[in-house]
There are 2 protein chains.
Amino acid sequence: MPRTSRTSRPIARPVRRNADADLADLPEVSAVDQVDTRFLQSLLGYNARRAALAIIERFLVRMEEFGLRPVEFSVMSVIHHNPGVTSRQLCAALNLLPPNLVGLIQSLDARGLLTRLPHPHDGRAVGLHPTPEGQALMQQAEQAALEIEEAKSLGLTPAQHRTLLQLLQKVYL
Amino acid sequence: MPRTSRTSRPIARPVRRNADADLADLPEVSAVDQVDTRFLQSLLGYNARRAALAIIERFLVRMEEFGLRPVEFSVMSVIHHNPGVTSRQLCAALNLLPPNLVGLIQSLDARGLLTRLPHPHDGRAVGLHPTPEGQALMQQAEQAALEIEEAKSLGLTPAQHRTLLQLLQKVYL
DNA sequence: TATTGTTATACTCTATAACTATA
DNA sequence: TATAGTTATAGAGTATAACAATA
């Protein structure tokens with residue numbers, strides 16, 4: 001078993017010039033030609049994070065025209081499908097912390113994408129409603145999101161796409 | 001179709017006291033009882049991110065005793081399995097940016113978990129090697145990571161676990 | 001007393017530009 | 001000229017404590 005690796009995969013021995021041959025055998029100093037990441041690839045957390053980042057990278061590019069970052073998109077999407085939802089409900093649904101939602105809501109309000117109306121039967125709460133502009137934007141943005149995440153644009157079959165969604169939800173729901 | 005929702009799921013109408021009945025029908029102000037997140041749940045990016053965060057949450061707790069955060073764990077794991085790997089190779093393998101790796105390496109070096117030796121045939125590069133302490137720590141930490149991410153501890157069958165890993169790698173590799 | 005929304009704040013993570021030493 | 005490693009720095013994301021108004 002070569003000293004340069006603790007794995008079973010064959011690893012090329014470091015390239016050594018003849019002039020260094022007498023020195024090179026003393027210290028355990030070797031070079032790596034191909035990085036072995038097989039251990040990390042056996043961990044679900046690592047793979048889920050890498051996959052999420054890969055998809056979000058595409059998402060960022062596609063959503064530039066709508067001026068929506070991922071969290072803004074998900075907040076507007078929930079408001080779009082749940083007019084009158086409160087900040088607290090949003091935080092619970094999207095696993096956000098209340099202080100971090102405040103600035104987001106203010107920014108989306110300032111852009112004219114949502115309005116804040118009194119809650120019908122809780123004076124502490126505020127209902128979040130999409131404006132017509134917000135509804136129009138989200139109709140386009142959600143269509144674009146669906147296109148990006150289509151099975152074939154990710155190299156998956158429709159069945160694999162469905163399976164992946166189900167298994168991921170089994171993990172976090 | 002109720003005005004309070006654009007989805008097909010039946011949504012409870014807001015609770016109204018009789019005294020408000022004459023006012024409540026004028027403005028389109030409604031309350032939401034159950035938040036509908038079905039659209040987001042059809043997006044792979046959203047689900048991958050939520051699943052990754054759920055697993056990483058468990059990871060953070062379990063790795064506290066080793067003093068390793070996720071990125072530190074993955075960096076040490078790659079060094080553990082690839083002694084002599086360079087910073088540049090680490091960045092490529094883990095999708096990190098070089099400036100963000102510098103502090104990590106310095107910190108792990110200061111903790112005595114790795115040593116930085118001259119690269120055998122590139123004077124610009126530095127080879128990263130685990131110390132005996134680093135090797136001992138990673139042997140324990142990797143075992144703990146495997147236990148956390150076992151199929152049954154995530155509510156999956158072994159077959160589902162394998163399928164999930166394969167499909168995630170199809171997306172980001 | 002508990003909850004909604006908010007402010008202030010700190011810490012981590014991520015990203016870009018620019019420098020040095022070597023190839 | 002190009003690459004490895006580094007510095008400085010800015011921005012986004014995430015976290016806790018504490019407060020006012022309302023339930």
Side-chain angles (χ1 to χ4, degrees), chain A residues 15 17 31-32 35 49-50 52-54 56-57 59-61 63-64 67-75 79 84-110 114-128, chain B residues 15 17 31-32 35 45-46 49-50 52-54 56-57 59-61 63-64 67-75 79 84-110 114-128:
Chain A
V15 177
R17 289 187 228 88
V32 172
V35 179
R49 182 156 183 278
R50 291 294 303 264
L53 290 174
I56 288 170
E57 204 169 326
F59 189 90
L60 287 172
V61 176
M63 288 298 151
E64 244 174 28
L68 293 173
R69 282 169 298 176
V71 191
E72 293 169 329
F73 175 91
S74 54
V75 166
I79 295 174
V85 68
T86 69
S87 294
R88 203 74 169 102
Q89 288 177 310
L90 263 177
C91 287
L94 299 177
N95 201 25
L96 303 175
L97 292 172
N100 300 330
L101 191 58
V102 175
L104 281 171
I105 298 296
Q106 287 174 348
S107 151
L108 294 168
D109 190 355
L114 60 83
T115 55
R116 305 165 55 176
L117 302 177
H119 192 279
H121 49 276
D122 187 340
R124 299 168 301 181
V126 179
L128 303 170
Chain B
V15 177
R17 289 186 227 89
V32 171
V35 179
Y46 176 80
R49 182 156 184 281
R50 292 294 302 265
L53 290 175
I56 288 170
E57 204 170 325
F59 189 90
L60 286 171
V61 176
M63 288 298 150
E64 242 173 30
L68 294 173
R69 283 167 300 178
V71 190
E72 293 170 329
F73 175 90
S74 54
V75 165
I79 295 173
V85 68
T86 69
S87 293
R88 203 74 169 98
Q89 288 177 310
L90 264 177
C91 286
L94 299 177
N95 200 25
L96 302 175
L97 291 172
N100 299 331
L101 191 59
V102 176
L104 282 171
I105 297 295
Q106 287 173 348
S107 153
L108 295 168
D109 191 356
L114 60 83
T115 55
R116 305 165 56 178
L117 301 176
H119 192 279
H121 48 276
D122 187 339
R124 299 168 300 180
V126 179
L128 303 171

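Basis for what follows: all heavy atoms, side chains included, without hydrogens, waters or symmetry-related copies. In what follows, every chain begins at residue 1, and chains take the letters A, B, ... in the order their sequences are listed.
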| Do B/Val102 and B/Gln106 have side chains that get closer than 4.5 Å, going by heavy atoms? | yes
| Is any side-chain heavy atom of B/Val75 closer than 4.5 Å to a side-chain heavy atom of B/Leu96? | yes
| note | Rounded to whole Å, CG of B/Leu96 lies from P of C/dT16 at a distance of 14 Å
| query | How long is the line joining CG of A/Asn95 and P of D/dG13, in whole Å? | reply | 15 Å
| query | So, is B/Arg116 near the phosphate of D/dG5, with a side-chain N or O under 4.0 Å from OP1 or OP2? | reply | no
| said: Considering every strand and a 4.0 Å limit on heavy-atom distances, what is the contact class for A/Gln106: base, sugar-phosphate, or nothing? | reply: sugar-phosphate
| request: Would you indicate whether the side-chain heavy atoms of A/Glu57 and A/Leu53 approach each other to under 4.5 Å? | output: no
| query | Side chain of B/Leu97: nearest nucleotide among C/dT6, D/dG13, C/dA15? | reply | C/dA15
| message | What is the separation between atom CD on A/Glu72 and atom P on D/dT14, rounded to the nearest whole Å? | response | 12 Å
| note | Rounded to the nearest 0.5 Å, the CZ atom of A/Arg49 sits from the CG atom of B/Asn95 at a distance of 9.0 Å
| Is A/Val126 close to A/His119 at the side-chain level, that is, under 4.5 Å between some pair of heavy atoms? | no
| note | Between CZ of A/Arg69 and P of C/dT14 the distance, given in whole Å, is 16 Å
| field | Of the listed nucleotides C/dG5, D/dA8, D/dG13, the one nearest the side chain of B/Pro99 | value | D/dA8
| Taking for each residue the nucleotide of DNA chain D with the nearest heavy atom, is it A/Val71 or B/Asn100 whose nucleotide lies nearer the 5' end? | B/Asn100
| So do the side chains of B/Pro70 and B/Leu60 get within less than 4.5 Å of each other, counting heavy atoms only? | yes
| task | Rounded to the nearest angstrom, tell me the gap between atom CD1 in B/Ile105 and atom C1' in D/dT6. | result | 13 Å
| said: Output the rounded distance in Å from CG (A/Leu128) to P (C/dT6). | reply: 9 Å
| task | Could you check how far CG of B/Leu53 sits from P of D/dT14, rounded to whole Å? | result | 7 Å
Could you list the protein-to-nucleotides 21-23 of chain D atom pairs, N/O on both sides, closer than 3.5 Å?
| from | atom 1 | to | atom 2 | distance (Å) |
| --- | --- | --- | --- | --- |
| D/dA23 | OP1 | A/Gly123 | N | 2.8 |
| D/dA23 | O4' | A/Arg124 | NE | 3.4 |

| request: Could you check how far CD1 of A/Ile56 sits from C1' of C/dA15, rounded to whole Å? | output: 16 Å
| Shortest non-hydrogen contact from B/Leu68 toward B/Met63 | O-CB, 3.1 Å
